[in-house]
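Notes follow once the structure below has been shown.
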Amino acid sequence: MKGYKPITININSFNFCKYTMALLLWMSLLFHSKYILYCVFLLLLFSALLKVKKAPLVFFYSNTIEKIFPSKEVVIDENGVLFAHVVGAVFSAAAIIILLFVNQLTGWILVGILAVLKTSGAFGMCGAMKLYDCMNNPNGKCCRVGKKFKCEK
């Protein structure tokens with residue numbers, strides 16, 4: 001999964017997806033709801049499989065609210081978003097497995113870490129998308145964590 005693949009997407013649809021995922025993770029953590037965590041995992045998994053334009057939350061927003069209140073389009077890296085969805089799906093799957101078979105406290109700590117990471121990414125700080133950009137783009141915007149993983153070409 002290398003390279004930059006630019007696509008255009010409505011910014012409000014994209015933001016709705018990012019903020020909703022972060023909110024769902026915080027709700028899962030706050031209410032200790034495994035069912036919300038299952039939903040997060042499925043949303044991230046289907047988002048990765050269907051790509052960003054057909055991701056469930058983006059698709060929902062684009063075909064409902066976006067029709068009434070259109071927003072500007074923004075160019076994003078489809079591969080970077082795919083990387084972020086895969087990382088989120090793997091983290092949430094790991095949290096589910098740990099919650100079910102290992103230790104409740106450890107599982108909820110992992111959910112908390114994922115919630116912080118998703119919130120950070122949603123607000124444009126050091127998220128998986130930015131980490132992907134940093135690792136694969138010589139002019140990529142690196143956060144402090146990304147600089148440690150930067151791939152030299």
Side-chain angles (χ1 to χ4, degrees), residues 1-64 66 74-137 140-146 148-151:
M1 195 174 12
K2 283 215 176 218
Y4 182 77
K5 185 176 179 186
I7 60 165
T8 57
I9 189 169
N10 293 319
I11 192 156
N12 286 350
S13 299
F14 188 54
N15 287 339
F16 175 75
C17 181
K18 294 188 299 184
Y19 300 144
T20 301
M21 292 307 300
L23 178 65
L24 287 172
L25 282 163
W26 285 110
M27 287 174 53
S28 175
L29 183 62
L30 179 67
F31 299 119
H32 281 220
S33 172
K34 293 176 190 165
Y35 296 110
I36 296 174
L37 186 58
Y38 300 152
C39 289
V40 167
F41 168 71
L42 289 173
L43 284 168
L44 288 166
L45 179 66
F46 282 110
S47 294
L49 293 173
L50 298 171
K51 306 286 171 110
V52 68
K53 279 197 171 189
K54 293 181 183 174
L57 293 173
V58 171
F59 184 82
F60 169 76
Y61 191 95
S62 295
N63 289 293
T64 56
E66 187 67 37
V74 65
V75 177
I76 59 170
D77 179 15
E78 185 176 55
N79 292 334
V81 176
L82 174 61
F83 178 77
H85 287 150
V86 169
V87 168
V90 168
F91 259 80
S92 57
I96 289 168
I97 291 167
I98 291 169
L99 281 168
L100 293 176
F101 303 111
V102 181
N103 181 298
Q104 293 283 311
L105 179 62
T106 306
W108 290 118
I109 289 171
L110 187 55
V111 172
I113 291 168
L114 182 57
V116 168
L117 291 174
K118 275 292 186 191
T119 304
S120 170
F123 288 104
M125 294 176 265
C126 196
M129 239 175 84
K130 200 171 263 192
L131 180 62
Y132 179 87
D133 184 45
C134 176
M135 291 187 310
N136 291 293
N137 184 354
K141 298 175 186 159
C142 294
C143 53
R144 208 174 357 175
V145 174
K148 294 182 188 317
F149 295 103
K150 185 135 178 106
C151 298

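For the numbers below, each heavy atom of this structure counts, side chains included, while hydrogens, waters and symmetry mates do not.
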Does the Ser62 side chain pair with the main chain of Val58, one donor and one acceptor, at a distance under 3.5 Å? yes
For a quick test of reading the model, state the closest non-hydrogen atom pair linking Pro56 to Leu43 and the distance between them. CB-CD2, 3.7 Å
Carefully, step by step, assess Tyr38 and Phe41 under the rule ring-ring contact (aromatic ring centres under 6.0 Å, His included). CA-CA 5 Å; Tyr38 300 152; Phe41 168 71; 8.7 Å; no
Only pairs under 3.5 Å count here: list side-chain donor-acceptor contacts from residues 20-32, not counting sequence neighbours, and write none if there are none.
residue : atom : partner : partner atom : Å
Thr20   : OG1  : Phe16   : O            : 2.6
Trp26   : NE1  : Thr119  : OG1          : 2.6
Ser28   : OG   : Ser33   : O            : 2.8
His32   : ND1  : Trp108  : NE1          : 3.4

Between the CZ atom in Phe59 and the OG1 atom in Thr64, the distance rounded to the nearest 0.5 Å is 10.0 Å
Is it true that Tyr19 and Phe123 have ring centroids separated by less than 6.0 Å? yes
Once rounded to the nearest 0.5 Å, what's the spacing between atom CD1 of Ile98 and atom CD of Gln104? 11.0 Å
Should Leu44 and Lys118 count as side-chain neighbours, where that means a heavy-atom distance under 4.5 Å? yes
Is there side-chain contact between Val52 and Leu82, with heavy atoms separated by less than 4.5 Å? no
Euclidean distance, Leu110 CG relative to Leu117 CG, rounded to 0.5 Å: 9.5 Å
Would the distance check show the side chain of Asn10 and the main-chain N or O of Ser13 forming a donor-acceptor pair, the cut-off being under 3.5 Å? no
Minimum heavy-atom distance Ala122-Lys18, with the two atoms named: O-NZ, 3.6 Å
For Val86 and Ala48, the nearest pair of non-hydrogen atoms, with its separation, is CG2-CB, 4.0 Å
Where do Leu37 and Ser92 come nearest, in terms of heavy atoms and distance? CD1-CB, 4.2 Å
Val74 meets the side-chain contact (heavy atoms from CB on, under 4.5 Å) criterion, sequence neighbours left out, with Ile9, Ile11, Ile76
Sidechain-backbone polar pair: Asp77 side chain, Lys5 backbone, donor-acceptor under 3.5 Å: yes
Are Ile7 and Val75 packed together at the side-chain level, in the sense that at least one heavy-atom pair is separated by less than 4.5 angstrom? no
Okay, side chain of Lys53, backbone of Thr8: is any donor-acceptor separation there less than 3.5 Å? yes
